[in-house]
Amino acid sequence: MSLLELKNIYKIYGDLHALDDVNLKVEKGEWLSIMGPSGSGKSTMMNIIGCMDKPSKGEVLLDGVDISKESSKNLTTIRRDKIGLIFQQFHLVGYLTAIENVMLAQYYHSVPDEKEALEALDRVGLADRAKHLPSQLSGGEQQRVCVARALINYPEIILADEPTGNLDDANEKIVVDLFHKLHNEGTTLIVVTHDPEVAEVAQRTVFLRNGKLHKETINENFTGEIKFDK
Amino acid sequence: MKKRQMYFRMITASLIRRRSRMLVALLSIAIGATILSGLVTIYYDVPRQMGAQFRNYGANMIFTPSDGSFTQADIEDGRSYIESADIVGVTPYRYESVRIHELPVMAAGTDLTQAKLTSPYWSVEGEYPSGTGSLLLGASLSEQFRLFVGDTVTVSYTPEFDGRSEDETILDNTIDLTVAGVLETGGPEEDYVYLQLSDLEQLTGKSGEIDLAELSISANSDKLRSYAEKISSSVQALDARLVKRVTESETTVLTKLQALVLLVTVVVLALTMICVATTMTAVVTERRREIGLRKAIGASNGGIIKEFMGEGMLLGGLGGIIGSVLGFIFAQQVSVHVFSSSITFMPLIVPVTILVSVAVTGVSCLLPIRSATQIDPALVLKGE
């Protein structure tokens, strides 16, 4: 059984079919990239996978359970328990320190644990910046805090929306390296990106066009090792 | 770390690290709480303040004899039924017909120090007599006899027939007194000569009798009525009565003034709520993205309400504390400049101000926070 399965998914706004009969399976531990031009339906697909939106038609099976008809309240619970989100614009709470931002995800999930949050920051190489506010961190550092926050509750899927879109080359490499580490540890990664070089390091890439799955490529050379080099 | 600890860490971090934003909100709440606390303090202190002002209009209770006359001891007895803090002045009066320059005039023997307290509206040219040997002359008499401050006047009194033979000549008693001041009131007092009671007793040769006592008491009409009833029923020689034109006017003015302050307080409270609600709406609106993020990472609507209400109520509490202090200063300034006296600190107003401030902020926050929970995290996080 796949960890995530989209079955005949439609998302319709009036006459516009943002997603048009999309079918997709994501296996546990897989690293998938989703590519496509602007308006192709990437964000809509991410919102549906991230339990922030519901399809107009079709089924979304997460761990074999259809979540497409769940209430907003239940979707919040599912998102909190099973999905870690990484955003292009980082979205850290400006008045909380790096460690407090990580603990925020713990707070909503279960119980805040400062030691565990510090370990998560250590995993992304930011233990020494734990007490810094987002405004005192570089873009790359902020994105790494965002990664630490996404992985702190051991989610089944980490869903990243343009995670390197606002980063320079050096920080882009650091973040992609982190994804490699997470993948090697068995985390399922779904990365929405414009950047072909970021997409290519994944095991599989699907291409969206006009709301339909246009193409799918398998990275034959994927070894799970860090090869990303810009 | 417990969830509660993290909760307080978050809301205090929001207040401390977003100082400039929160100061605007805090200022708005504190100003509202200041005016509210100040007005409530004035509302409750107005009767006392106005009571003191009304005492300028003279006595509001009089003792008359229930049969003939009464004594100083009866006055003391009656006075014992009145709380000493309420007594502004008690002035005994004894009236006798005396002669000045062989013309009859009415003399009032009194305690002129107390008369100054019970009749503060008296205007005296010169000085109030400070002891025996001097008198206060009504302005009409001063003009009639061409007697002025510093002049000496001989006051005569013809004693009553005491049973001696008709052949015996009854000699007048006389006393030489200095005019210490000339009394101007625009009323009948200007036709009287006021002596110290002991001087009049010496002149007449009779002591101990009092015809009337005027009392100035700082109390509302209900309390005055209760004092009068108690004294009339307990002290046989006295008939205690209220000076109705004074007490009724006091009650009317006081009721209207309190109603006005209450109305202003209610209007200020409503304006404060609007102001705080507007500020909190602005605070919530500028944090839409943060709310969206919190929802995206798993916050429930209840959780969002709890966090923002916590911040709002903490702000309300702080604003209430600041408002209590500033409100007292505000009330004090109003009292000093309007009533020329300082305000009485009422400790109960502090917790009431804080509670009202927290409640007003809570209610004001409710609407913007409820709308904040409708925020779609997907839209906000995309920057739409």
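Protein chains get the first letters and strands the later ones, always in sequence-line order, with residue 1 at the start of each.
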Let me see the working for A:Val93 and B:Arg17 under side-chain contact (heavy atoms from CB on, under 4.5 Å), right down to the final yes or no.
CA-CA 11 Å; A:Val93 178; B:Arg17 295 182 192 145; over 6 Å; no
Restricting to non-hydrogen atoms, name the atom on A:Leu96 and the atom on B:Ala13 that form the minimum distance, rounded to 0.1 Å.
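The answer is CD2-CB, 3.9 Å.
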The interface call for A:Leu92 against chain B, heavy-atom contacts under 4.5 Å, is backbone
So which part of A:Ser110 gets closer than 4.5 Å to some heavy atom of chain B, the side chain, the backbone, both or neither?
backbone
Let me confirm one number: the [atom1]-[atom2] distance from [X] to [Y], rounded to the nearest 0.5 Å.
| X | Y | atom1 | atom2 | answer |
| --- | --- | --- | --- | --- |
| A:Met52 | B:Lys295 | CE | NZ | 11.5 Å |
| A:Ser72 | B:Asp376 | OG | CG | 8.5 Å |
| B:Glu307 | A:Tyr108 | CD | OH | 3.0 Å |
| B:Ile297 | A:Ile152 | CD1 | CD1 | 11.5 Å |
| A:Tyr107 | B:Arg4 | OH | CZ | 11.0 Å |

What do the steps show when you test A:His91 against B:Arg289 for side-chain contact (heavy atoms from CB on, under 4.5 Å), and what is the final call?
CA-CA 8 Å; A:His91 292 305; B:Arg289 198 175 288 258; 3.3 Å; yes
[X], [atom1]: over 12 other non-hydrogen atoms inside 6.0 angstrom:
| X | atom1 | value |
| --- | --- | --- |
| A:Tyr10 | OH | yes |
| A:Ile12 | CD1 | yes |
| B:Lys223 | NZ | yes |
| A:Asp168 | CG | yes |
| A:Lys69 | NZ | yes |

Please examine the side chains of A:Met103 and B:Arg9, heavy atoms only from C-beta on, and report whether any two atoms are closer than 4.5 Å.
yes
Using side-chain heavy atoms (C-beta onward) and a distance below 4.5 Å, is B:Arg294 in contact with A:Leu104?
yes
Go through the side-chain N and O atoms of A:Tyr95 and B:Arg287 and say whether any donor and acceptor fall under 3.5 Å apart.
yes
